[in-house]
Trainee: 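I'd like to ask you about the structure that follows.
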Amino acid sequence: MSIKISKKIMSKLGKTNAEFNLIEEGDKILVGLSGGKDSLTLVHALKEQQRRAPFKFEFIAVTVSYGMGENYEKLKAHCQEHAIEYEVYDTNIYDIAEDKIRKNSSFCSFFSRMRRGSLYSAAEKYGCNKVALGHHMDDAAESFFMNFIYNGQLRSLAPKYKADRGVTVIRPLIQMRERQLEAFARENAIETIGDEACPSMRFDIKMPHARAHTKEMLSKMEKEFPTLFTSLNAAFKNISTESFFDKELFQL
């Protein structure tokens with residue numbers, strides 16, 4: 001079955017790429033493919049971008065296996081059907097978590113860090129200079145408000161940054177809305193993997209509520225202020241650091 005990807009997604013991908021120089025001539029990019037709507041949209045958008053772009057780049061889709069007997073045959077078959085290079089990167093993250101996890105603790109950040117580190121290792125293994133993640137504008141907004149409310153920090157998700165191991169991390173979907181990615185998966189009848197694949201579901205732990213509460217809060221705010229996400233996107237590029245309370249940034 002052929003995949004149809006909207007003009008809006010490809011237009012936004014192209015503009016974001018041009019604005020932040022995310023994908024460049026000669027890049028070999030590792031795409032973290034969880035099998036969710038975000039990462040599946042990303043691999044298909046990059047496949048189309050390969051066809052359209054006036055420069056050459058390669059990418060490989062990689063799924064991090066936690067070592068808990070996951071079956072990725074459907075995901076592998078999907079990639080084969082659409083000529084997307086695909087690998088499963090095996091880890092023992094699940095076994096490590098069993099030693100470290102505590103009852104009634106939230107370990108989302110633990111699994112996120114371990115998965116990210118594994119993607120960097122996989123990038124080295126497959127000779128990739130960049131790692132692409134499927135975060136979108138809703139993720140950036142939620143991260144901003146979670147850091148603001150729960151951590152007392154003004155922080156979000158950068159479109160591009162250099163990781164500790166020297167690999168460059170890019171987020172080509174960062175200016176797209178989550179509903180666009182949901183529509184892509186729905187319109188193409190793509191079977192997606194959800195939270196059931198998260199290893200934390202197998203532990204007796206407290207499920208995180210901060211993100212769910214933040215998502216609900218933003219939904220209510222957007223109903224009252226329809227241009228909320230447009231304004232947030234603009235604000236993330238228009239930061240007046242000297243107007244805050246950090247004395248290191250005072251321009252005197």
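Given the structure is predicted, the values throughout are model-derived calculations rather than measurements. Throughout, residue positions are numbered sequentially from 1 according to the sequence presented.
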Trainee: Do Val169 and Lys130 come close enough that some side-chain heavy atom pair is under 4.5 Å?
Mentor: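 Sidechains of Lys130 and Val169: no contact.
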Trainee: Flag the pair Lys4 and Glu187 as a salt bridge only when some basic side-chain nitrogen lies within less than 4.0 angstrom of an acidic carboxylate oxygen.
Mentor: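 Here Lys4 does not pair with Glu187 in a salt bridge, since their nearest N and O are not under 4.0 Å apart.
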Trainee: Looking at Lys28, is its backbone amide N or carbonyl O close enough to the side chain of Asn129 to form a donor-acceptor pair, meaning the two atoms are under 3.5 Å apart?
Mentor: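 Side chain of Asn129 to backbone of Lys28, a donor-acceptor pair under 3.5 Å: yes, one is there.
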Trainee: If you look at every heavy atom in Ala45 and Ile5, which pair is closest and at what distance?
Mentor: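 In terms of heavy atoms, the two residues are closest at CA-CD1, 3.6 Å.
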Trainee: Do Thr16 and Leu173 come within less than 4.5 Å of each other through their side chains, counting heavy atoms only?
Mentor: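 The answer is no, as the side chains (C-beta and beyond) never meet within the 4.5 Å cut-off.
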Trainee: Scan residues 82-91 for pairs that pass side chain to side chain donor-acceptor pair (under 3.5 Å), counting only residues two or more places apart or in two chains.
Mentor: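 For residues 82-91: Thr63-Tyr86.
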Trainee: State, with a plain yes or no, whether a side-chain heavy atom of His78 is found less than 4.5 Å away from one of His44.
Mentor: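 A side-chain contact exists here, since the closest heavy-atom pair is under 4.5 Å.
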Trainee: In terms of side-chain heavy atoms, does Thr192 have a donor or acceptor partner in Lys37 at a distance below 3.5 Å?
Mentor: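 There is no such pair (donor and acceptor under 3.5 Å, judged by atom type) between the side chains of Thr192 and Lys37.
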Trainee: Passes side-chain contact (heavy atoms from CB on, under 4.5 Å), Met137 versus Glu178? Steps please.
Mentor: CA-CA 7 Å; Met137 187 62 205; Glu178 183 175 19; over 6 Å; no
Trainee: Who are the side-chain contact (heavy atoms from CB on, under 4.5 Å) partners of Asn71, not counting sequence neighbours?
Mentor: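 In terms of side-chain contact (heavy atoms from CB on, under 4.5 Å), with neighbours along the sequence ignored, Asn71 is linked to Glu73.
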Trainee: Answer yes or no: is there an ion pair linking Glu216 with Lys220, defined by an N-O contact shorter than 4.0 Å?
Mentor: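 Looking at Lys220 together with Glu216, the answer is yes, because their closest N to O distance falls below 4.0 Å.
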Trainee: Test Ile84 against Phe59 for side-chain contact (heavy atoms from CB on, under 4.5 Å), laying out the working first.
Mentor: CA-CA 8 Å; Ile84 295 168; Phe59 76 90; 3.9 Å; yes
Trainee: With a 4.5 Å heavy-atom cut-off, do Met114 and Tyr66 have their side chains touching?
Mentor: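 They are not in contact (no side-chain heavy atoms under 4.5 Å apart), so the answer is no.
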Trainee: Please round to the nearest 0.5 Å and tell me the distance separating atom OG1 of Thr214 and atom NE2 of His209.
Mentor: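 It comes to 12.5 Å.
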Trainee: Restricting to pairs with a member in residues 46-63, which pass salt bridge (charged side-chain N to carboxylate O under 4.0 Å, His left out), not counting sequence neighbours?
Mentor: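 For residues 46-63: Glu48-Arg51, Glu48-Arg52.
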Trainee: Measure the shortest side-chain to side-chain distance between Pro159 and Ile170 over non-hydrogen atoms and say whether it is less than 4.5 angstrom.
Mentor: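 No - every pair of side-chain heavy atoms lies 4.5 Å or more apart.
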Trainee: Apply side chain to side chain donor-acceptor pair (under 3.5 Å) to Asn92 and list each qualifying residue two or more places apart in sequence or on a separate chain.
Mentor: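 Per chain and number, Asn92 pairs via side chain to side chain donor-acceptor pair (under 3.5 Å) with no residue.
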Trainee: Apply ring-ring contact (aromatic ring centres under 6.0 Å, His included) to Phe229 and list each qualifying residue two or more places apart in sequence or on a separate chain.
Mentor: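 None.
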Trainee: For Ala158, does its backbone N or O pair with a side-chain atom of Arg171 as donor and acceptor, under 3.5 Å?
Mentor: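 Such a contact is found between Arg171 side chain and Ala158 backbone.
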Trainee: Does Ala140 offer a backbone N or O that forms a donor-acceptor pair with the side chain of Ser156 under 3.5 Å?
Mentor: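 Yes; at least one donor-acceptor contact below 3.5 Å.
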Trainee: In residues 141-152, what donor-acceptor pairs under 3.5 Å come from side-chain atoms, sequence neighbours left out?
Mentor:
from   : atom 1 : to     : atom 2 : distance (Å)
Glu142 : OE1    : Arg211 : NH1    : 2.8
Glu142 : OE2    : Lys215 : NZ     : 2.8
Ser143 : OG     : Asp139 : O      : 3.0
Asn147 : OD1    : Asn151 : ND2    : 3.0
Asn147 : ND2    : Ser143 : O      : 2.9
Asn147 : ND2    : Arg155 : O      : 3.4

Trainee: For Ser240, which residues count as a side-chain contact (heavy atoms from CB on, under 4.5 Å) partner, sequence neighbours excluded?
Mentor: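 Ser240 satisfies side-chain contact (heavy atoms from CB on, under 4.5 Å) with Glu242, Ser243 only.
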Trainee: Using the side-chain contact (heavy atoms from CB on, under 4.5 Å) rule, take Leu42 and Leu33 through it: C-alpha gap first, then chi angles, then the decisive distance, then the call.
Mentor: CA-CA 9 Å; Leu42 180 55; Leu33 182 61; over 6 Å; no
Trainee: How would you list, by chain and number, every residue that makes a salt bridge (Lys or Arg N to Asp or Glu O under 4.0 Å) with Glu25, sequence neighbours excluded?
Mentor: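 For Glu25, no residue satisfies salt bridge (Lys or Arg N to Asp or Glu O under 4.0 Å) once neighbours in sequence are set aside.
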Trainee: Atom CG of Leu22 and atom CD of Gln49: how far apart are they, to the nearest 0.5 Å?
Mentor: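 If we round to the nearest 0.5 Å, Leu22:CG and Gln49:CD are 10.0 Å apart.
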Trainee: Is Leu40 linked to Val88 within one hydrophobic cluster, defined over Ile, Leu, Val, Met, Phe, Trp and Tyr using a side-chain heavy-atom separation of less than 4.5 Å?
Mentor: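 Leu40 clusters together with Val88.
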Trainee: Partners of Ser231 by side-chain contact (heavy atoms from CB on, under 4.5 Å), sequence neighbours excluded?
Mentor: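 Once residues adjacent in sequence are excluded, the partners of Ser231 under the side-chain contact (heavy atoms from CB on, under 4.5 Å) criterion are Thr227.
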Trainee: Using a 4.5 Å cut-off on heavy atoms from C-beta on, say whether the side chain of Ser121 contacts that of Arg165.
Mentor: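 The answer is yes; the side chains approach within 4.5 Å.
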Trainee: Counting distance only, does the side-chain N/O of Glu70 pair as donor-acceptor with the main-chain N or O of Met68 below 3.5 Å?
Mentor: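 Yes, because the side chain of Glu70 sits within donor-acceptor range (under 3.5 Å) of the backbone of Met68.
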Trainee: Using the salt bridge (charged side-chain N to carboxylate O under 4.0 Å, His left out) rule, collect all pairs that involve residues 10-22, keeping only residues at least two apart or in two chains.
Mentor: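 Listed by first then second residue: Glu19-Lys237.
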Trainee: Taking Phe184's backbone N and O only, do any of them form a donor-acceptor pair with Asn188's side chain (distance below 3.5 Å, no angle check)?
Mentor: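 Yes, the answer is positive, given that a donor and an acceptor are paired below the 3.5 Å cut-off.
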Trainee: For residues 119-141, which residue pairs qualify under ring-ring contact (aromatic ring centres under 6.0 Å, His included), counting only residues two or more places apart or in two chains?
Mentor: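 Every candidate ring-ring contact (aromatic ring centres under 6.0 Å, His included) pair involving residues 119-141 fails, so no pair, neighbours aside, qualifies.
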Trainee: State, with a plain yes or no, whether a side-chain heavy atom of Met176 is found less than 4.5 Å away from one of Leu13.
Mentor: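 With C-beta onward as the side chain, the pair touches.
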Trainee: Report the distance from atom OG1 of Thr41 to atom CG of Leu181, rounding to the nearest 0.5 Å.
Mentor: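 Between Thr41 OG1 and Leu181 CG, I get 4.5 Å after rounding to 0.5 Å.
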Trainee: Check which hydrophobic residues are tied to Leu157 through side-chain heavy-atom contacts below 4.5 Å, counting indirect links as well, and list them.
Mentor: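 Listed partners: Ile174.
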Trainee: Passes side-chain contact (heavy atoms from CB on, under 4.5 Å), Ile29 versus Val131? Steps please.
Mentor: CA-CA 6 Å; Ile29 303 166; Val131 169; over 6 Å; no
Trainee: Closest approach of Gly32 and Ser39, non-hydrogen atoms and distance?
Mentor: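 Heavy atoms only, the tightest pair is O-CB, 3.3 Å.
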Trainee: Is there a donor-acceptor contact under 3.5 Å from the side chain of Asn233 to the main chain of Thr230?
Mentor: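 Not at all, since once roles are kept as given, no pair shorter than 3.5 Å links the two residues.
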Trainee: Are Ile60 and Val31 close enough that some pair of their side-chain heavy atoms sits under 4.5 Å apart?
Mentor: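 SC-SC contact between Ile60 and Val31 ruled out.
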Trainee: What distance do Asp138 atom CG and Glu182 atom CD have between them, rounded to the nearest 0.5 Å?
Mentor: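 These two atoms lie 8.0 Å from each other.
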Trainee: Within the distance-only criterion (no hydrogens, no angle test), does the side chain of Asn17 pair as donor or acceptor with the backbone N or O of Ile23 below 3.5 angstrom?
Mentor: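 It does hold such a pair.
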